[in-house]
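The analysis underlying the following values was restricted to heavy atoms, covering all of them including side chains, and did not include hydrogens, waters or symmetry mates. Residue numbers begin at 1 in each chain, while the letters A, B, ... track the order of the sequences.
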Protein chains: 2
Amino acid sequence: MTEAPLTRERILEAAEDALRRFGPGKATVVDVARALGVSHGSVYRHFPSKAALREAVTGLWLARMMDSLTAVAEEDGPAADRLRRWLDLLIAAKRTRACGDPELFANYLQLAAGARAVVAAHVAHLVQQVARIIGDGIAQGELSTPDPAAAARAVLDATGRFHNPAHAAEWTDPGIDAAFEAVWTLILAGLRTR
Amino acid sequence: MTEAPLTRERILEAAEDALRRFGPGKATVVDVARALGVSHGSVYRHFPSKAALREAVTGLWLARMMDSLTAVAEEDGPAADRLRRWLDLLIAAKRTRACGDPELFANYLQLAAGARAVVAAHVAHLVQQVARIIGDGIAQGELSTPDPAAAARAVLDATGRFHNPAHAAEWTDPGIDAAFEAVWTLILAGLRTR
DNA sequence: CGAATGACAAAAGTCAACATTTGTTATTCG
DNA sequence: CGAATAACAAATGTTGACTTTTGTCATTCG
């Protein structure tokens, strides 16, 4: 039986597993070490703190979520359609994770509450993708807005209720889809100014 | 020395005072009763529960905040200017209270977290005022939007980051005013569709 | 009689002893 | 020598006995 070496990757895997099994409140670094058959001190050789380990797990989790979004952001085609599909995907991804991956979502929620670097990076990444879609729309004459970067940030801010985890409790409201439709109508019109 | 009778109003006054002095976590109905020189049982003659008393206090507090907003909503003049001034006032009022009335703001925050009736009524009231401004704008040919009621709701949702108490922690961010400016540009353009 | 009281039970909150977890470091092991 | 460990101090969390608070109601008082 070969002994796999203790790598950053194996620790992240075990940490994500522990986080999912026990939740962000109960998972300890001793749990992670036990799953790997090592002492908890060894984990601290690869991560400076438990917080750093949690952030790294969240980073991977967010990165996986970004994959399908990136695909839409990099498509060709009408910018308005792409932006709408991109937002739908973002909202669906957040909702799916809130329901289907509650422990890791709670973990993300906690990190988002404190202004952790990994979350800021995630938001910056989202803004960049929206900016790209809006930029394409302007290039094709489909959209028109004075400051595309500001508009991208504004689109994310304006739709925050539907994807910001701070509002997760509202996502089961019956009127939530109608509310998004109204906001979408408003901002799409705003992006089409001439 | 005349004995003032124990009325709903005197209880509300004392309750607001206690809430402000001790904060939502520490104020008890015994505190309220003591300030009035009665037993706490008497308070329960006028309010069915402590929660109801807190809601009533919050209702008054919100109603006072609405006064200046209502004035702007009922003005004449260009709808875009009025809407902008109305939003500025709403945002300023929320920020002022978050900083200057932290105990009652914390109380409001707790009630807003649970979906209390008094908060829902407050939001409905806000929507109504925005709808009025937008309606005026349409009548004057200044604005144009398919569904004014939906647009009013959308304006409030889209600007939530700047007035929803769930985001109070972000109100000290350096970029918050620029972010609002970007959202304002976007939604104003959206309301001017033709 | 109706408003207010105070004694009471149940629920919620407090606090300090105790246990676990985090993070460090001197030592062991291959 | 470098990776892992085990023993440790400090920080954090848990527990359970105790106190306060909430809400009810039979009784009192004007």
Could I get the full list of side chain to side chain contact (heavy atoms under 4.5 Å, CB included) partners for A:A80, not counting sequence neighbours? A:E142, A:L188, A:R192
Among residues two or more places apart or on two chains, list those pairs meeting ring pair (Phe, Tyr, Trp, His ring centres under 6.0 Å) that have a residue in residues 141-170 of chain A. A:F162-A:F180, A:H167-B:H167
Could you work out, with side chain to side chain contact (heavy atoms under 4.5 Å, CB included) as the rule, every residue matching B:T96, not counting sequence neighbours? none
Which residue pairs pass the ring pair (Phe, Tyr, Trp, His ring centres under 6.0 Å) test with at least one member in residues 119-147 of chain B, sequence neighbours excluded? none
Measure NE2/A:H46 against P/D:dT5 and give the value in whole Å, please. 10 Å
Are any protein N/O atoms closer than 3.5 Å to N/O atoms in nucleotides 7-13 of chain D? If there are, list each pair with its distance.
none

Residue B:S42, side-chain atoms from C-beta onward, closest of D:dA4, C:dT5, C:dT22: C:dT5
With sequence neighbours excluded, tell me which residues meet side chain to side chain donor-acceptor pair (under 3.5 Å) with B:T28. B:D31
Closest to side chain of B:L6, choosing from D:dT22, C:dA4, C:dT22: C:dA4
Ordered by number, residues from residues 29-39 of chain B within less than 4.0 Å of DNA chain D (heavy atoms) are B:V29, B:V30
Hey, could you give me each pair passing side chain to side chain donor-acceptor pair (under 3.5 Å) that has a residue in residues 98-113 of chain A? Not counting sequence neighbours. A:R20-A:D101, A:R54-A:N107, A:R54-A:Q110, A:T58-A:N107, A:W61-A:D101, A:K94-A:Y108
What residues, two or more places apart in sequence or in another chain, satisfy side chain to side chain contact (heavy atoms under 4.5 Å, CB included) together with A:A71? none
Grab the two heavy atoms, one from B:D157 and one from A:A179, that are nearest each other, plus how far apart they are. OD2-CB, 3.6 Å
Starting at CZ of A:R45 and ending at C1' of C:dT25, how long is that distance when rounded to a whole Å? 11 Å
Does some side-chain heavy atom of A:I138 sit less than 4.5 Å from a side-chain heavy atom of A:S144? no
Filter on salt bridge (charged side-chain N to carboxylate O under 4.0 Å, His left out), then keep only pairs touching residues 79-88 of chain A, sequence neighbours left out; what's left? A:E75-A:R85, A:R82-A:D136, A:R84-A:D88, A:R84-A:E181
Starting from P on C:dT25, measure out to OH on A:Y44 and report it in whole angstrom. 13 Å
Taking only residues two or more places apart in sequence, or in another chain, which ones meet A:D17 in a side chain to side chain contact (heavy atoms under 4.5 Å, CB included)? A:R21
Contact list for DNA chain D against residues 47-61 of chain A - heavy-atom distance below 4.0 Å: none
